[in-house]
Each structure stands twice: as structure tokens, then as C-alpha cells.
Amino acid sequence: MKPKMLRASRWLRRRAEDVSVALLCAMFATFLVQIFARYVLNKPISWSEEAIVTTWLWTVLWGAAFLLRESDEIRFDIVYSKVSARTRRVFTVLTGVALVVLYGVSLPAAYSYVSFMKVEHSASLRVPMNWLYCVFIIFSVACICRYCWLVYRALRGAKSPETDPAKLAD
């Protein structure tokens, strides 16, 4: 990868990490406010649970879309670690193409549903539901791009990640 592209990708990754950290901080702060209101003031607040669930959803999907590395993905290590590098590349191509197709086929319906949800609002925060769930569209598009890139790299002969626990460092 070219040095400028590498610097840009690192910068973008750090910004994606910043978003995840901000979401986790917001979730934790809301959790503390909820505990304080419930147990100290004896006045539970209704919006806190909704905010916590929403920030958790965003954190998980945002992190999976932009922060998860290929080596962090779940694989059937028993088979994957015992086959040759070429066979691992074939596995990468097959699963990558399958996932691109699945995400691609489901994307129009997901977009339609999320767009439709603008008529609904969350119970406590009164936020349009399409704002809360648009992260799924972001996640789907990022996954399509990621797997297209992985398939391209595998077809070009790039090495697949090692998964043998005996060879990996902690």
C-alpha cells in the first residue's frame, strides 16, 4: 500500500476508534446517571435504558464495520489452520463472495425498512427510529466494501491470516 494511503487509512481508523470510545463513554455515563437517579434520588429515569441500548447497538455495529480486523474474525480453526495457504485463499474468496452477495441482496430491503422507520419515534427519547438504526446500513455497506477488498487481495495472492493457536502470540 502506498505511504499516503497507509497514513490516510491509519488516520481514518483512529477516528473510527474515537467514535467507538465516545459511544462507550456515553453509554457508561448514562449508566452511572441511571444508577444515581434510581438508588440515590429514588427517581428512576426512563430514557437511560433506551440510550444505553442504542449506544451499545451503535458501538457493536460501528466496531464490526470499521475496527474488526480480518484476523479477529471467527473461523473454523480446526479446518482452516490445517489447510495450505492457497486453500485458505480459496476459503477467503468463497466466503467473501457469499457475504458480498448476501449483504448486497439484503441491502435494498434493509434500506427500505430503515427509511420507513422515520415515521416511528423511540419511546423515551423521541428520536426517529431511522436515525437509531441507520448504523445497520453503514455496517452493511462497510462489510460489502471490506469483503470485496479481501476477495480482491486473495485473488491477487495475498497471504491469509494465521489461525493456528500454537503459532499466534497473545
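None of the values given here were measured: they were computed from a predicted structure.
- Side-chain contact between Val151 and Val100: absent, with no pair of heavy atoms (C-beta onward) separated by less than 4.5 Å.
- Atom-to-atom distance recorded for Leu67:CG and Thr59:OG1 is 10.0 Å, nearest 0.5 angstrom.
- The CG atom of Leu57 sits 11.0 Å away from the CE atom of Met27 when rounded to the nearest 0.5 Å.
- Without hydrogens or angle criteria, Thr54 side chain to Ala51 main chain gives no donor-acceptor distance under 3.5 Å.
- For Arg156, the CZ atom counts as loosely surrounded, since its 6.0 Å shell holds 12 or fewer non-hydrogen atoms of other residues, nucleotides or ligands.
- Between Thr55 and Thr30, every side-chain heavy-atom pair lies at or beyond the 4.5 Å cut-off.
- The closest donor-acceptor contact from the side chain of Trp58 to the backbone of Val135 lies at 3.5 Å or more, if one exists at all.
- At least one side-chain heavy atom of Ile52 sits under 4.5 Å from a side-chain heavy atom of Gln34.
- Within the 4.5 Å cutoff, no side-chain heavy atoms of Arg7 are placed close to those of Arg10.
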| task | Let me see the working for Ser115 and Ser112 under side-chain hydrogen bond (donor to acceptor under 3.5 Å, both in side chains), right down to the final yes or no. | result | CA-CA 5 Å; Ser115 297; Ser112 176; over 6 Å; no

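- Linking Ile, Leu, Val, Met, Phe, Trp and Tyr whenever their side-chain heavy atoms come within less than 4.5 Å leaves Leu68 and Leu99 in two separate clusters.
- No donor-acceptor pair under 3.5 Å is formed between the side chain of Glu120 and the backbone N or O of Met129.
- To the nearest 0.5 Å, atoms CG (Leu61) and CZ (Phe136) are separated by 7.5 Å.
- Counted within 6.0 Å of CZ on Phe91, heavy atoms from surrounding residues, nucleotides or ligands total more than 12; the atom is thus considered enclosed.
- Phe66 is listed as a side-chain neighbour of Ile138, based on a closest heavy-atom distance under 4.5 Å.
- A continuous path of hydrophobic side-chain contacts links Trp47 to Val127 [ILVMFWY only; heavy atoms under 4.5 Å].
- A distance of 10.5 Å separates CG in Asp18 from SG in Cys25, rounded to the nearest 0.5 Å.
- Nearest heavy atoms, Arg146 versus Ala65: NH2-O, 4.0 Å.
- In this structure, Tyr103 OH and Ile144 CD1 are separated by 8.5 Å, a value rounded to the nearest 0.5 Å.
- Side-chain heavy atoms closer than 4.5 Å link hydrophobic residues (I, L, V, M, F, W, Y) into clusters, and following such links, possibly through other members, connects Val119 to Leu125.
- Using a 4.5 Å cut-off on side-chain heavy atoms (C-beta onward), Arg15 and Val19 make no contact.
- The closest donor-acceptor contact from the side chain of Thr87 to the backbone of Val83 lies at 3.5 Å or more, if one exists at all.
- At a threshold of 4.5 Å between side-chain heavy atoms, the hydrophobic network of Ile, Leu, Val, Met, Phe, Trp and Tyr places Tyr113 and Tyr111 in one connected group.
- Interatomic distance, CG of Leu32 versus OG of Ser48, reported as 11.0 Å (0.5 Å rounding).
- Scanning for salt bridge (Lys or Arg N to Asp or Glu O under 4.0 Å) contacts around Glu17 gives Arg13, with sequence neighbours left out.
- Using a 4.5 Å cut-off on side-chain heavy atoms (C-beta onward), Ser122 and Leu132 make contact.
- Applying the side-chain contact (heavy atoms from CB on, under 4.5 Å) test to Val114 and every residue at least two apart in sequence or in another chain returns Asn130, Tyr133, Cys134, Ile137.
- Linking Ile, Leu, Val, Met, Phe, Trp and Tyr whenever their side-chain heavy atoms come within less than 4.5 Å leaves Leu24 and Trp62 in two separate clusters.
- In plain terms, the two heavy atoms of Ala123 and Glu50 that are nearest each other are N-OE1, 3.3 Å.
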